[in-house]
Structures are given as C-alpha cells and as structure tokens.
Amino acid sequence: MKILVLNCGSSSIKYKLFDMTTKAILAQGGLEKINLPGSFLKITLPNGEKKIIERDIEEHTAGVQFIFETLTHPEYGAVKSLDEIGAVGHRVLHGGTKFSGSVLTTDAVIAAVEECCDLGPLHNPANLKGIYAVQKLLPNVPQIAVFDTAFHQTMPEKAYLYAIPYEYYEKYGIRRYGFHGTSHRYVSKRVCEFLNIPAEGSRIITCHIGNGGSIAAIKDGKCVDTTMGLTPLEGLMMGTRSGDIDGGAILYLMKKEGLTPDEMSNILNKKSGVLGIFHRSSDMRELEAAAAKGEAEAKRAEAMYFYRITKYIGAYAAAMGGVDVILFTGGVGENQATARWAACEPLEFLGVKIDPERNKVRGEEAIISTDDSKVKVVVIPTDEELMIATDTMEILKNQK
C-alpha cells in the first residue's frame with residue numbers, strides 16, 4: 001500500500017509518499033510560502049536531484065492539489081493515478097487529553113481536534129487545513145491523525161500537573177502535554193531494536209535536539225516525563241524559544257516594556273533562545289563556528305544551551321532511578337558532535353563515557369559511548385514521517 005504523509009504548517013506543507021511494502025520513499029518535498037509572494041514547491045527526485053517549481057498558492061487546498069498534480073506528473077511524478085494512494089496520515093500537534101494514540105479521522109475526531117485549537121493555536125488550525133483539503137479532493141481516501149502529544153499521555157499526574165490552583169486544570173486543561181512525541185516514540189522503539197534490548201525494564205532518555213528541542217524520560221517503553229509543557233515553549237533553550245523562565249520575570253518585563261500578551265509571546269517564542277543570546281543567528285552551525293573562534297556571545301550561548309541538556313538528563317536519570325541509554329536525535333543531536341560531547345561530559349558521575357572517535361558520526365545510527373561506559377550513548381536519526389505512515393497502516397488493518 002502507498003501512504004501519503006502530510007505535515008501542514010501555517011504557510012507550508014511537507015509531504016512524503018511511502019510504499020509500505022518496502023518502506024521506500026517514493027516521493028518527498030515541501031511547499032513553502034503559501035499565501036505569500038514567491039510560493040514554490042521543492043521536490044526531491046528518486047535520484048536525489050532537487051527540483052523547484054514556482055506557483056502562486058493562496059491557500060492549503062490549492063497547495064494539496066499542487067502536490068497531487070506533482071505526484072502524478074508524467075515527468076517527475078511517483079504514481080500514475082491518485083487511486084494508488086491508500087491513505088493519508090497527518091501530523092497533528094495537539095490532541096490535549098482527548099487522544100492517547102493515533103486515530104481515524106471521523107467527523108467527531110475532527111471536531112475534537114478543532115476544540116484543541118486553543119491549546120495549539122499556531123499549529124492545529126494549519127494541521128486541520130490539510131485534513132479538510134484531502135476531504136475535498138480525495139473524499140473516499142481514509143485519513144489518520146497522528147498527535148505530537150499522544151506519546152506523552154502516559155506521564156503520571158505528579159509530572160504533568162502545574163502547581164497552580166487545580167481548578168485551572170479542570171476548567172482550561174492547563175497542564176504539561178509535551179511535544180515531539182512521534183519522534184520520541186520512534187527513536188525509543190528503534191534504539192531497543194538497534195541495541196537488541198527489551199523496552200520492558202529499560203530506562204531511556206531521548207534527546208530530540210534541533211531548532212526546537214525536548215527531552216523525554218522513557219521507562220518500560222512509556223513516557224514518564226518530558227521537558228515541553230502546555231506549549232512547546234517550556235524546557236530546553238532552543239533556536240528562538242527561551243525554554244524555562246520564571247513566570248515572575250515575564251510579568252516584570254511586560255510591565256517594564258508595556259508589552260501585550262501577544263508581544264511577549266513573540267519575544268519568548270521567536271526572539272529568545274540561541275538567537276536572543278547570540279544575536280546573529282539561531283542556527284547552531286553558525287553558533288558552533290563563532291564559538292570555535294572564541295566569540296564571547298557565542299560561547300555564552302553554547303554554554304547555556306548545553307547546560308540545559310545536561311541538567312535535564314541528570315534530572316530524568318534521578319526520576320527513573322537511573323538510566324541505561326541516552327539517545328540523541330534531531331538535526332543537532334544527529335549531526336553535532338560538540339553538542340553531544342558537551343552535554344554528556346559532565347555526566348561521568350553516572351558512568352557516562354563518550355568515545356571521541358565514535359562521536360564523530362553524523363546522521364547515522366551509532367553507539368558513541370566507550371565499551372566500558374555504564375550507560376550506552378547512542379545516535380538514532382529520527383523518522384517521524386515513517387512513524388506516521390506505520391501508524392496509518394496499523395489503524396487501517398484494525399479497521400478491517
């Protein structure tokens with residue numbers, strides 16, 4: 001069966017088409033700048049060649065239609081007919097407490113996702129646009145919603161509740177939900193296969209480190225804590241997000257600068273993190289190069305960034321009564337040796353030892369700890385799209 005995976009953002013649509021018999025990627029690409037000047041579709045051909053097709057796209061239905069046209073294009077298409085697509089899997093950011101797993105998108109499910117838009121105002125409306133578009137263009141094709149928050153629904157109450165008046169949880173659902181769940185689920189499962197260990201009895205800390213970053217504590221294959229909260233803002237220092245900050249500091253700054261809630265949100269989400277300290281860029285490659293030259297702002301930003309990762313690994317080791325595997329994934333986690341080394345070097349008291357040569361790996365599955373390290377440190381490239389496609393297949397099988 002061929003399964004199309006869509007990840008719709010406010011002005012973008014990323015996609016991958018899988019042949020689930022072989023797990024091969026038949027087509028992939030991304031549509032950028034929807035409803036903006038200069039919109040274009042960038043596709044990767046089977047031979048690895050990149051092709052850019054420019055077209056004015058004013059909204060998501062037209063964007064999905066453009067992708068469908070590309071998939072069936074006589075020159076660079078991947079299928080002869082859209083009838084070959086057996087199902088469409090969607091990444092949906094926020095499922096609140098309503099969804100602890102992936103689901104077939106019925107009218108009731110769509111209504112429940114719409115109710116979660118208050119919790120995910122930047123992402124859920126865009127995710128829904130993809131579902132609406134496929135409903136209109138391919139009404140008979142089943143669609144599956146795969147939630148970023150679902151994997152973290154196994155967190156115990158003591159981990160997900162905030163210490164604010166309980167009625168705010170009851171009235172508004174204010175609690176910690178966590179994100180990157182599809183990635184954490186994929187890599188935590190894959191590392192058990194890679195190391196040939198059972199999930200049951202294992203204590204794994206997964207570090208999804210990229211422009212957005214989160215860490216999860218996974219015990220017996222289930223998430224028991226994660227760094228992101230009600231929104232993706234909490235936790236680690238990220239590319240443009242502040243991560244953890246005293247709520248009192250936010251209120252103080254709002255009063256001093258006369259900021260509205262939306263203006264404060266923009267500062268915390270888009271002007272903070274690495275960008276806020278380094279100023280020049282939020283790109284970790286640029287930061288690494290500047291730090292290597294001894295630039296003070298870069299070194300300060302790097303030290304802060306790495307420290308947060310170390311601190312949360314230590315906290316989650318304590319929360320689980322130890323750790324067996326520390327895993328790195330995401331753009332930075334998979335590719336930046338300096339980040340992995342700096343995050344793990346202070347953890348020698350836990351028995352963590354990194355092998356400098358093994359740590360040079362980029363984008364490949366590898367053990368980067370020494371043979372005598374008490375904790376296995378591993379790099380596992382994430383594949384959220386394959387996880388979404390796999391979920392889609394499983395749900396369709398169970399529907400029969």
Side-chain angles (χ1 to χ4, degrees), residues 7-12 33-36 59-60 91-99 111-130 147-149 152-153 155 157 159-181 208 210-215 225-279 281-282 301 304-305 308 312:
N7 181 354
C8 294
S10 58
S11 61
S12 67
K33 297 188 175 182
I34 297 172
N35 198 29
L36 294 169
E59 43 78 44
H60 283 68
R91 177 198 179 227
V92 180
L93 180 89
H94 220 306
T97 57
K98 301 174 188 296
F99 301 104
V113 175
E114 289 171 343
E115 289 176 15
C116 292
C117 284
D118 279 351
L119 295 171
L122 299 178
H123 298 84
N124 272 37
N127 303 153
L128 282 162
K129 286 177 182 177
F147 298 92
D148 248 19
T149 50
H152 304 303
Q153 285 295 299
M155 283 194 293
E157 192 177 59
Y160 70 68
L161 282 177
Y162 287 115
I164 59 176
Y166 189 73
E167 58 261 33
Y168 296 133
Y169 167 62
E170 296 176 304
K171 288 168 69 176
Y172 307 117
I174 296 176
R175 52 158 282 183
R176 303 180 66 252
Y177 290 98
F179 299 90
H180 294 139
H208 179 111
N211 191 52
S214 66
I215 297 178
D225 207 345
T226 191
T227 54
M228 285 180 168
L230 175 74
T231 74
L233 182 59
E234 187 180 355
L236 300 174
M237 178 179 174
M238 304 174 224
T240 62
R241 296 185 193 127
S242 66
D244 293 338
I245 182 172
D246 180 358
I250 296 171
L251 297 174
Y252 181 82
L253 186 55
M254 290 176 73
K255 290 177 182 177
K256 284 289 186 183
E257 294 284 324
L259 300 169
T260 66
D262 285 346
E263 288 170 337
M264 191 71 243
S265 175
N266 187 57
I267 289 169
L268 293 173
N269 281 287
K270 297 181 178 180
K271 296 183 178 180
S272 298
V274 170
L275 180 62
I277 303 298
F278 179 43
H279 295 115
S281 170
S282 63
M304 293 170 64
Y305 188 92
R308 295 274 183 99
Y312 268 113

J.: Atom CD1 of Ile215 and atom CG of Leu236: how far apart are they, to the nearest 0.5 Å?
T.: 4.5 Å
J.: Give, for atom CG of Asn127 and atom CZ of Arg91, the distance between the pair rounded to the nearest 0.5 Å.
T.: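 Reported value, rounded in 0.5 Å steps: 6.5 Å.
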J.: What pairs with Tyr168 under ring pair (Phe, Tyr, Trp, His ring centres under 6.0 Å), at least two apart in sequence or on another chain?
T.: none
J.: Which residues pass the side chain to side chain donor-acceptor pair (under 3.5 Å) test with Thr97, not counting sequence neighbours?
T.: none
J.: How many angstroms lie between atom OH of Tyr252 and atom NZ of Lys256, to the nearest 0.5 angstrom?
T.: 4.0 Å
J.: Closest approach of Gly95 and Phe147, non-hydrogen atoms and distance?
T.: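 In terms of heavy atoms, the two residues are closest at CA-CD2, 3.6 Å.
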J.: Backbone N or O of Ile267 within a donor-acceptor pair of the Ser272 side chain at under 3.5 Å?
T.: yes
J.: Apply side chain to side chain donor-acceptor pair (under 3.5 Å) to Lys98 and list each qualifying residue two or more places apart in sequence or on a separate chain.
T.: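 Lys98 satisfies side chain to side chain donor-acceptor pair (under 3.5 Å) with Glu115 only.
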J.: Assess the residue pair Leu230 and Tyr162 against the criterion (side chain to side chain contact (heavy atoms under 4.5 Å, CB included)); give the C-alpha distance rounded to whole Å, side-chain angles, the decisive distance to 0.1 Å, and a yes or no.
T.: CA-CA 9 Å; Leu230 175 74; Tyr162 287 115; 4.1 Å; yes
J.: Could you give me the CA-CA distance, side-chain angles and deciding distance for Met237 and Val274, then say whether side chain to side chain contact (heavy atoms under 4.5 Å, CB included) is met?
T.: CA-CA 7 Å; Met237 178 179 174; Val274 170; 4.2 Å; yes
J.: Nearest 0.5 angstrom please: Ser265 OG to Ile250 CD1, how far?
T.: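 Reported to 0.5 Å precision, the distance equals 9.5 Å.
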J.: Within this structure, what is the CZ-OG distance for the pair Arg241 and Ser282, rounded to the nearest 0.5 Å?
T.: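 Arg241 CZ to Ser282 OG: 11.0 Å, rounded to 0.5 Å.
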J.: Extract all donor-acceptor atom pairs below 3.5 Å that involve side chains of residues 171-179 and protein atoms in other chains or at least two apart in sequence.
T.:
{"from": "Arg176", "atom 1": "NE", "to": "Glu234", "atom 2": "OE2", "distance (Å)": "3.4"}
{"from": "Arg176", "atom 1": "NH1", "to": "Ala159", "atom 2": "O", "distance (Å)": "3.0"}
{"from": "Arg176", "atom 1": "NH1", "to": "Asp225", "atom 2": "OD1", "distance (Å)": "3.1"}
{"from": "Arg176", "atom 1": "NH1", "to": "Thr226", "atom 2": "O", "distance (Å)": "3.3"}
{"from": "Arg176", "atom 1": "NH2", "to": "Thr226", "atom 2": "O", "distance (Å)": "2.1"}
{"from": "Arg176", "atom 1": "NH2", "to": "Thr227", "atom 2": "O", "distance (Å)": "3.4"}
{"from": "Arg176", "atom 1": "NH2", "to": "Met228", "atom 2": "O", "distance (Å)": "3.3"}
{"from": "Tyr177", "atom 1": "OH", "to": "Gly173", "atom 2": "O", "distance (Å)": "2.6"}

J.: For His152 and Thr149, run side chain to side chain contact (heavy atoms under 4.5 Å, CB included): C-alpha distance rounded to whole Å, both residues' side-chain angles, the deciding distance at 0.1 Å, then the answer.
T.: CA-CA 6 Å; His152 304 303; Thr149 50; 5.6 Å; no
J.: CG of Leu233 to CE of Met238: how many Å apart, nearest 0.5 Å?
T.: 6.5 Å
J.: My understanding is that only one of Leu268, Ile277, Asn269 makes a side-chain contact (heavy atoms from CB on, under 4.5 Å) with Ser242; could you say which?
T.: Leu268
J.: Sequence neighbours left out, cut at 3.5 Å: what donor-acceptor pairs do the side chains of residues 116-125 make with other protein atoms?
T.:
{"from": "Asn124", "atom 1": "OD1", "to": "His94", "atom 2": "N", "distance (Å)": "2.9"}
{"from": "Asn124", "atom 1": "ND2", "to": "His94", "atom 2": "O", "distance (Å)": "2.9"}
{"from": "Asn124", "atom 1": "ND2", "to": "Val113", "atom 2": "O", "distance (Å)": "3.4"}

J.: Would you check if Asn266 and Met264 make a side-chain contact, meaning some heavy-atom pair closer than 4.5 Å?
T.: no
J.: Can you sort out the partners of His60 under side chain to side chain donor-acceptor pair (under 3.5 Å), two or more places apart, ordered by chain and number?
T.: none
J.: Check Cys8 against Gly130 and note the closest heavy-atom contact, atom names and distance.
T.: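 Looking at all heavy atoms of both residues, the shortest contact is SG-CA, 3.6 Å.
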